[in-house]
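Report on the following structure.
For clarity, every value in this text was computed on a predicted model and none was experimentally measured. We're numbering straight along the sequence, starting at 1.
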Amino acid sequence: MEDAHRRPEGVSDETVAALGSLSKALETTERARGHLFSFHQLTGTADLELDRAVELLRAAGHHEWAERVEREILGRNVIPGHWTFQIVEAYDRTYYEAFKELEREAVDRLAQGRDHLFEAEMKEDRRTRGHPDHTARPDSPGTRPPNAPFT
């Protein structure tokens with residue numbers, strides 16, 4: 001195991017488990033943030049497609065419907081006072097950045113800045129020594145190169 005992922009002296013099993021859980025929660029938050037960006041981009045794409053819908057409604061002679069789409073939906077707030085970019089910004093400022101900072105500080109103070117101790121120890125416990133696809137590090141002797149055939 002490389003030193004960057006080796007448990008510092010005096011760090012307990014409970015601390016490693018707690019930091020692992022904290023990091024897992026942050027990783028889940030990263031995924032949630034990604035979904036929030038998907039929501040932002042999908043809503044924006046839909047809003048831009050409304051331009052085409054309005055144009056086609058007008059071309060089909062449905063001027064009242066075109067005007068209604070423009071007036072009631074095009075450019076509408078998704079929640080009062082907010083477009084999706086504002087929701088993303090508020091999420092980042094209010095929750096995401098604070099969570100990232102807290103997790104980083106906890107790892108720095110409780111584990112000397114060593115990330116993924118829980119996962120690194122799990123890897124050591126689960127790998128088959130001597131197997132070319134179970135080496136400790138990418139540069140370990142016997143590591144199978146990427147795209148090498150399985151034998």
- Note on the structure: Rounded to the nearest 0.5 Å, the OG atom of Ser23 sits from the NE2 atom of His116 at a distance of 6.0 Å
- Message: salt bridge (Lys or Arg N to Asp or Glu O under 4.0 Å), that's the test. Do Arg52 and Glu49 meet it? Break it down for me.
- Response: CA-CA 5 Å; Arg52 184 169 186 269; Glu49 184 65 23; 3.8 Å; yes
- Is Glu105 paired with Arg109 through a side-chain N to carboxylate O contact shorter than 4.0 Å? yes
- So does Arg71 have more than 12 non-hydrogen atoms from other groups sitting under 6.0 Å from CZ? yes
- Which distance, rounded to the nearest 0.5 Å, do you find between the CG of Leu19 and the CD of Glu119? 10.5 Å
- Message: As an exercise, state the distance from CG of Leu57 to CZ of Arg68, rounded to the nearest 0.5 Å.
- Response: 11.5 Å
- Ion pair present between Arg6 and Glu124, side-chain N to carboxylate O less than 4.0 angstrom? no
- Message: Test of understanding: clusters of I, L, V, M, F, W, Y form through side-chain heavy atoms closer than 4.5 Å, transitively. Do Phe99 and Ile87 belong to the same one?
- Response: yes
- So does Lys100 pair up with Asp92, basic N to acidic O under 4.0 Å? no
- Query: Are Tyr95 and Leu22 co-members of a hydrophobic cluster defined by side-chain heavy atoms under 4.5 Å apart?
  - Reply: yes
- More than 12 foreign heavy atoms under 6.0 Å from CZ of Arg129: is that the case here? yes
- Query: Can you tell me if Thr15 uses its side chain to pair, donor with acceptor, with the backbone of Val11 under 3.5 Å?
  - Reply: no
- Task: Over 60° means perpendicular and under 30° means parallel, so classify the ring planes of Tyr96 and Tyr91, tilted if in between.
- Result: parallel
- Query: How long is the gap from CG on Leu50 to OG1 on Thr45, to the nearest 0.5 Å?
  - Reply: 11.0 Å
- Message: I need the Ser12 OG to Arg7 CZ distance, nearest 0.5 Å.
- Response: 7.0 Å
- Any salt bridge between Arg58 and Glu70, counting N to O under 4.0 Å? yes
- Going by an N to O cut-off under 4.0 Å, is there a salt bridge joining Asp108 and Arg114? no
- Got a sec: does the NZ of Lys123 have more than 12 other heavy atoms crowding it under 6.0 Å? yes
Output a table of donor-acceptor pairs, distance under 3.5 Å, between side-chain atoms of residues 74-85 and any protein atom two or more places apart or on a different chain; print 'none' if there are none.
{"residue": "Arg76", "atom": "NH1", "partner": "Glu72", "partner atom": "O", "Å": "2.6"}
{"residue": "His82", "atom": "ND1", "partner": "Pro80", "partner atom": "O", "Å": "2.8"}
{"residue": "Trp83", "atom": "NE1", "partner": "Gly75", "partner atom": "O", "Å": "2.9"}
{"residue": "Thr84", "atom": "OG1", "partner": "His40", "partner atom": "ND1", "Å": "2.6"}

- Spell out, as yes or no, whether a donor-acceptor pair under 3.5 Å connects the side chain of Ser21 to the backbone of Ala17. no
- Task: Please confirm whether the backbone N or O of Arg127 pairs with a side-chain atom of His134, one donor and one acceptor, at under 3.5 Å?
- Result: no
